[in-house]
Amino acid sequence: MADNYLEKRMDDYARGRVSGPHARRTSGPRPGTAVIKYPLLTVALSDADSGDADAIVSMFVSAGCKVVFTAADATRGRDIAQSRGGRFYPGGADEAVTDMASRGEKADVVIACGTGGWPGCARRIRLTADTGAAAGPGETVVISATPARAALLCLALAHPDCDTSGQVITCR
């Protein structure tokens with residue numbers, strides 16, 4: 001009787017009908033998660049001194065993007081680069097653009113966490129707390145309350161298939 005029981009269990013296991021701790025699991029994502037293929041972009045952050053910058057750098061690095069950023073506070077910039085990844089330029093956007101050009105790189109998307117700019121990039125996302133902000137040409141303005149929401153919005157808006165230039169997006 002024991003042999004028949006074990007044979008039946010092995011047949012069930014081979015057909016994928018086993019439940020419990022030894023059940024076969026699919027290799028796909030867990031229920032409740034979304035998987036989006038994200039293109040490899042070079043993302044530039046200017047004025048990464050804000051609280052949003054840490055979350056934004058982390059989000060883009062985990063998506064597989066190259067991240068370069070500037071910050072007025074060199075200590076904070078180095079801390080973000082060491083803990084989250086990315087390439088930090090303490091000299092500002094002009095130094096970063098020059099170095100990137102010497103490497104044959106250019107920014108696909110610029111995320112402005114402050115008032116600073118980034119020369120030579122057509123797509124720009126500006127983060128602000130000003131509810132009366134207006135978007136310029138080629139720019140999307142994000143008004144967000146929390147760093148995690150701002151980072152997630154930036155990730156979605158930076159995707160090449162997402163064209164929201166000239167719009168102001170408020171996230172509460």
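Note: hydrogens, waters and symmetry copies are ignored here, and every other heavy atom, side chains too, is used.
- Tracing side-chain contacts under 4.5 Å through hydrophobic residues (I, L, V, M, F, W, Y), one reaches Val67 starting from Leu153; they form part of the same cluster.
- Cluster annotation: Ile169 is connected to Ile125 through the hydrophobic network of ILVMFWY side chains, with a link wherever side-chain heavy atoms come within less than 4.5 Å.
- Using a 4.5 Å heavy-atom threshold, the side chains of Arg124 and Arg126 count as touching.
- For the pair Ile111/Ile56, a side-chain contact is recorded, criterion being any heavy-atom separation below 4.5 Å from C-beta on.
- Between Thr164 and Thr140, the side chains place a donor N or O and an acceptor N or O closer than 3.5 Å (distance only, hydrogens not considered).
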Determine, step by step, whether Arg123 and Asp108 satisfy the salt bridge (charged side-chain N to carboxylate O under 4.0 Å, His left out) criterion, reporting the C-alpha distance in whole Å, the side-chain angles of both residues, the deciding distance to 0.1 Å, and the verdict.
CA-CA 7 Å; Arg123 292 192 66 199; Asp108 297 312; over 6 Å; no
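- At a threshold of 4.5 Å between non-hydrogen side-chain atoms, the residues Leu40 and Cys65 do not count as touching.
- In this structure, Lys66 and Leu41 have side chains that are not in contact, with every pair of non-hydrogen atoms separated by 4.5 Å or more.
- No donor-acceptor pair under 3.5 Å is formed between the side chain of Glu7 and the backbone N or O of Asn4.
- Atom-to-atom distance recorded for Asp73:CG and Asp79:CG is 8.0 Å, nearest 0.5 angstrom.
- Ring centroids of Phe88 and Phe69 are separated by less than 6.0 Å, placing the two rings close together.
- Taking both residues in full, the closest heavy atoms of Ala81 and Gly86 are given as CB-O, 4.0 Å, listed atom of the first, atom of the second, then distance.
- Using a 4.5 Å heavy-atom cutoff, the side chains of Pro160 and Pro39 are in contact.
- Crowding of Arg87 atom CZ: a count of heavy atoms from other residues, nucleotides or ligands under 6.0 Å exceeding 12.
- Side-chain contact between Glu95 and Thr70 is absent, with no heavy-atom pair separated by less than 4.5 Å.
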Candidate pair Arg149 and Val142, rule side-chain contact (heavy atoms from CB on, under 4.5 Å), full reasoning
CA-CA 10 Å; Arg149 288 183 182 151; Val142 173; over 6 Å; no
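- In the hydrophobic clustering of this structure, Ile80 does not group with Tyr89; members are Ile, Leu, Val, Met, Phe, Trp, Tyr whose side-chain heavy atoms approach within less than 4.5 Å, directly or through other members.
- Of all the heavy atoms in Phe60 and Cys154, the pair that sits closest is CZ-O, 3.5 Å.
- Ser58 places no side-chain N or O within 3.5 Å of a backbone atom of Asp54 that could act as its donor or acceptor partner.
- Side chains of Arg84 and Val61 form no contact here, defined as non-hydrogen atoms less than 4.5 Å apart.
- Note on Leu155 and Leu45: same hydrophobic cluster, where clusters join Ile, Leu, Val, Met, Phe, Trp and Tyr whose side-chain heavy atoms are under 4.5 Å apart, directly or indirectly.
- Counting only heavy atoms from C-beta outward, the side chains of Ser165 and Asp163 approach each other to under 4.5 Å.
- Under the 4.5 Å side-chain contact rule for hydrophobic residues, Met59 and Leu127 share a cluster.
- Here the closest heavy-atom approach between residue Gly166 and residue Ala135 is recorded as C-CB, 3.6 Å.
- When all heavy atoms of Thr128 and Ala133 are compared, the pair lying nearest together is CG2-CB, 3.9 Å.
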